[in-house]
Number of protein chains: 2
Amino acid sequence: MNEPSAVVLIVEDEPHARAVLQVTLKQQGYVCLHAATGAEGVSAAIEREPDLVLLDLGLPDIDGVEVTRRVRERSAVPIIVVSARGQEEHKIEVLDEGADDYVMKPFVAGELLARVRVALRHNRAAESASDAGTVQVGDLVVDFDLRRVTAGGSEVHLTPTEYRLLAVMIRSSGRVLSNRQILRQVWGPRYDEQLGYLRVYMKKLRYKLEPDPTRPRYLVNEPGVGYRLRMPG
Amino acid sequence: MNEPSAVVLIVEDEPHARAVLQVTLKQQGYVCLHAATGAEGVSAAIEREPDLVLLDLGLPDIDGVEVTRRVRERSAVPIIVVSARGQEEHKIEVLDEGADDYVMKPFVAGELLARVRVALRHNRAAESASDAGTVQVGDLVVDFDLRRVTAGGSEVHLTPTEYRLLAVMIRSSGRVLSNRQILRQVWGPRYDEQLGYLRVYMKKLRYKLEPDPTRPRYLVNEPGVGYRLRMPG
DNA sequence: GGTTGCCGTTAAGAAACAATAAAGGCCGTG
DNA sequence: CACGGCCTTTATTGTTTCTTAACGGCAACC
């Protein structure tokens, strides 16, 4: 049962840090690409189509925030930012620009790898979601071919946004999705702070899908984190 | 079912102490390497790739803390510090630099060997857990992909801070983490003196996870140092 | 036997977060 | 242009989580 090996682009100017990253990743069977400057990183991230980008914040030429922005103009590749101590204040900026996660140097190998796995899995889930079919969770059935939803046996009409939200949730059913992740997938990367949208539409979905909308069985909130579509059981 | 014999690097200047360590280990089938100075120890730890390093704190040339730091720049090999009385204050420093555990001289052979086994096992677990995404310790299971925690078979709801704390502990299960290390990882670098936070949240976690919260089996305190997530056995 | 240091526990107020209702804007269609 | 459906926005209320400070127990040490 081998995972198909993923290609990871490492954007890091300092040779030693780069070596540490590469060794850590290669041991797990990942294939590594390199870029030593922000400019190289941007073009490699777009042209060579890696499955993941590890981006150091302390690059010599372009600011890491700017690198993220430029990559995001052309690609949805997951970006994990690696930053040294004393650069905490960039964390929020860079996440706002569309980075997916954040790891502090020095990091424990296990932690880095965990985040890499999570980021890759997202990506794969989003891609394979395009192959259609019907998904069932409890008495909720979504037919992606016909774009039809039934709850408790009877058909439910959903607006486009409601449908996209449900699709995102049901594709990752069982797992907690952060508010940011949901907003990016449903409304787009620039909307990932519009928590209000998400709340309003969660209410609408619950109203249409839940047996008792005030006591959600399916669409449950994890305070401070996000939402998840609970699987039966 | 033979354990694959592990290679242990002993860094110790005093001949008698070295002999005691070596005999204790050889009887259990471990292969021993030696280094008599800190400098030798650093290069041997990196180049000869032992499975474990036993590091004496009272070396003639380089401080044990410095040895740990230099090894950690290049290797994730488990390090167990062996320290004489009167060096207690170094324990925390050396753990902060990335050592895995410490044993006080004079030590009982059984205790040393138990910690050696734990450190070796931890290393192997960290390697094989990297394709799982879920980590199990005793009847505690953390699924990092789903962000789900179960204790004794039933799901447990954790708040964001509780979850981060458990994640930090379980990623380093078996080894001692200093209060400062934990605080930095869970609350951030600026909170590394807020011991109160840690105590409050340790209680909350124990309450939710331990069979008998007043007699912790998993989250155990190391007085004056920090906490450890004890592995079963 | 008191003092000190460290740990566990508790509770209450502050802050962050979530659910809901309702109003206004946009846009296509009749 | 009036209407209906959908999306966005704001305000209000209610809930969960975090922070903070104080207290009590226990052991080590003088």
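The structure displayed is predicted, hence computed values, not measured ones. So that the names make sense, note that chain A is the first sequence line, chain B the second, and so on, each numbered from 1.
Applying the salt bridge (Lys or Arg N to Asp or Glu O under 4.0 Å) test to R148(A) and every residue at least two apart in sequence or in another chain returns E155(A). Legend: residues meeting side chain to side chain contact (heavy atoms under 4.5 Å, CB included) with H157(A), ordered by chain and number and at least two apart, are absent. A search for side chain to side chain contact (heavy atoms under 4.5 Å, CB included) contacts involving E97(B) returns V65(B), T68(B), R69(B), not counting sequence neighbours. Legend: residues meeting side chain to side chain donor-acceptor pair (under 3.5 Å) with S154(A), ordered by chain and number and at least two apart, are absent. Under the salt bridge (Lys or Arg N to Asp or Glu O under 4.0 Å) criterion, R72(B) pairs with D100(B), not counting sequence neighbours. For D101(B), the salt bridge (Lys or Arg N to Asp or Glu O under 4.0 Å) partners are R115(B), R228(B), not counting sequence neighbours. For the side chain to side chain contact (heavy atoms under 4.5 Å, CB included) test, residues two or more places apart in sequence or in another chain that qualify with V23(B) are Q27(B). Applying the side chain to side chain donor-acceptor pair (under 3.5 Å) test to Y218(B) and every residue at least two apart in sequence or in another chain returns D139(B).
When heavy atoms are screened at a 4.0 angstrom cut-off, G196(A) is found touching no nucleic acid atom at all. At the heavy-atom level, Y207(A) lies nowhere under 4.0 Å from the strands shown. Counting non-hydrogen atoms under 4.0 angstrom, Y191(A) reaches nothing in the nucleic acid.
With salt bridges taken as basic N to acidic carboxylate O contacts below 4.0 Å, one links D56(B) and K105(B).
Here dC17(C) presents its C1' atom at 9 Å from CG of N179(A), a figure rounded to the nearest Å. D212(A) has its CG atom 10 Å from the P atom of dT20(C), to the nearest Å. Whole-Å rounding puts the E222(B) CD to dC6(C) P distance at 15 Å. For L205(B) and dT17(D), the CG to P distance is 13 Å, given to the nearest whole Å. For the pair Y201(B) OH and dT9(C) P, the computed distance is 16 Å after rounding to whole Å. In this structure, NZ of K208(B) is placed 18 Å from P of dG8(C), rounded to the nearest angstrom. What separates CG of N221(B) from C1' of dG5(C) is a distance of 13 Å, to the nearest Å. Between K204(B) atom NZ and dT9(C) atom C1' the separation is 11 Å, expressed in whole Å.
Proximity of L198(B) to V200(B): side-chain heavy atoms (C-beta onward) are nowhere separated by under 4.5 Å. In this structure, L21(A) and L54(A) have side chains that are in contact, with non-hydrogen atoms separated by less than 4.5 Å.
Contact annotation: T214(A) side-chain N/O to dA19(C) OP1/OP2 distance is not under 4.0 Å. Distances shown here put every side-chain N or O of Y197(B) at or beyond 4.0 Å from the OP1 or OP2 atom of dT17(D). Checking the phosphate oxygens (OP1, OP2) of dC7(D), no side-chain nitrogen or oxygen of W187(A) falls inside 4.0 Å.
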Notebook entry, point to check: Which nucleotides of nucleotides 22-30 of chain D have their base under 4.0 Å from a protein heavy atom (B), which only their sugar-phosphate (S), and which neither (-), written as one string 5' to 3'?
Noted result: ---------

Notebook entry, point to check: Could you write nucleotides 21-29 of chain C as a row of B, S and -, 5' to 3', where a protein heavy atom under 4.0 Å of any base atom gives B, of only sugar-phosphate atoms gives S, and otherwise -?
Noted result: S--------

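With distances taken from any side-chain atom of L195(B) to the nucleotides dC7(C), dT9(C), dA18(C), the minimum falls on dC7(C). When each of dC6(C), dT20(C), dT17(D) is scored by its nearest atom to the side-chain atoms of R199(A), the top-ranked nucleotide is dT20(C). Closest to the side chain of Q194(A), from the set dC18(D), dG8(C), dT9(D), is dT9(D). The side chain of R206(A) has dA19(C) as its nearest neighbour among dC7(C), dA19(C), dG8(C).
Using a 4.0 Å cutoff on non-hydrogen atoms, the parts of residues 160-170 of chain B near DNA chain D are P160(B), T161(B), ordered by number.
Applying the side chain to side chain donor-acceptor pair (under 3.5 Å) test to every pair with at least one member in residues 190-211 of chain B, sequence neighbours left out, gives these pairs: E162(B)-K208(B).
Taking each heavy atom of G64(A) and L57(A) in turn, the nearest pair found is CA-CD2, 3.8 Å.
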